[in-house]
Amino acid sequence: MIRRALGWSAAVLALAFVVVLAVPAHDRGLALFAFLLLAGALVLAMLVLVVAADPPAAEDLLAGAPADADSTPAELTALAGSIRAALRERAIDERLHSAIRAVATVRLARNHGVVLTRDLDAARETIGEGTLWRLLESERTWARLPVGGRELTEIVDQLERL
């Protein structure tokens, strides 16, 4: 199938080139442009046929390797480490702050139609005046927010309610 299409494409291109040569010299630039467009279209059609005939075997790799039942994703392990450090140091690090902010941003947008960065008043109404809001309220003051186990529990509860 592909060889037949390739043969026909080569024949059409040869015929088109003969037509370009037959065009008078003052219009040959336009004819050559049309020939190049035809050549590009035929090459693209051939690529589509080749890919359609034999899809890439690596599509399974895009889905990711199957996770073992006992393994923990690396992101979750890193987040757990950040939480342990926050409890030990009684302060939130940048990774934990970014994760909390990302979850809050997505949940506010998906569940309430509120964009955190644009509509702070609606976000405050939705979240409430708790620890989570104090954490999200300002990019500069979150590092000074004291955090212990009770505060982290409150933040997680508020995120789950969003």
Note: with side-chain heavy atoms under 4.5 Å as the link, the other cluster members for Leu15 come out as none
Besides Val156, the hydrophobic cluster formed by Ile, Leu, Val, Met, Phe, Trp and Tyr side chains linked at under 4.5 Å, directly or via other members, contains none
Rounding to 0.5 Å, atoms CZ (Arg107) and NE2 (His112) come to a distance of 8.0 Å
(message) Is there a path of hydrophobic side-chain contacts, each under 4.5 Å between heavy atoms of I/L/V/M/F/W/Y residues, joining Leu136 to Leu159?
(response) yes
CD1 of Ile127 to CG of Leu162, rounded to nearest 0.5 Å, is 5.5 Å
* Asked: In the single-linkage hydrophobic clustering (I, L, V, M, F, W, Y; side-chain heavy atoms under 4.5 Å), do Met46 and Val12 co-cluster?
  -> no
* Asked: Side-chain contact, heavy-atom cut-off 4.5 Å: Glu154 with Leu132?
  -> no
Between the OG1 atom in Thr153 and the CD atom in Gln158, the distance rounded to the nearest 0.5 Å is 11.5 Å
CD1 (Ile100) and CD1 (Ile155) are apart, to the nearest 0.5 Å, by 4.5 Å
Check your understanding: Do you reckon Val103 sits in the same ILVMFWY cluster as Leu120, going by side-chain contacts under 4.5 Å, direct or chained?
Key -> yes
Residues at least two apart in sequence or cross-chain that pass salt bridge (Lys or Arg N to Asp or Glu O under 4.0 Å) with Glu160, listed by chain then number, are none
### Query
Same hydrophobic cluster for Val106 and Val114, using side-chain heavy-atom links shorter than 4.5 Å among ILVMFWY?
no
Hits for side-chain contact (heavy atoms from CB on, under 4.5 Å) against Asp121, two or more places apart or cross-chain, chain-then-number order -> Asp119, Arg124
side-chain contact (heavy atoms from CB on, under 4.5 Å) filter on Val115, not counting sequence neighbours, yields Thr117, Arg118
With sequence neighbours left out, the residues meeting side-chain contact (heavy atoms from CB on, under 4.5 Å) with Ala16 are Phe35, Leu38
By side-chain hydrogen bond (donor to acceptor under 3.5 Å, both in side chains), Glu125 pairs with (sequence neighbours left out) none
Contacts of Thr105 meeting side-chain contact (heavy atoms from CB on, under 4.5 Å) (sequence neighbours excluded), chain-then-number -> Arg101, Leu116
With Phe17 as partner, the option from Leu21, Leu13, Val19 fulfilling side-chain contact (heavy atoms from CB on, under 4.5 Å) is Leu21
For Val48, the other hydrophobic cluster members (4.5 Å side-chain criterion, sorted by chain and number) are none
Tracing side-chain contacts under 4.5 Å among Ile, Leu, Val, Met, Phe, Trp and Tyr outward from Leu37 reaches Phe33
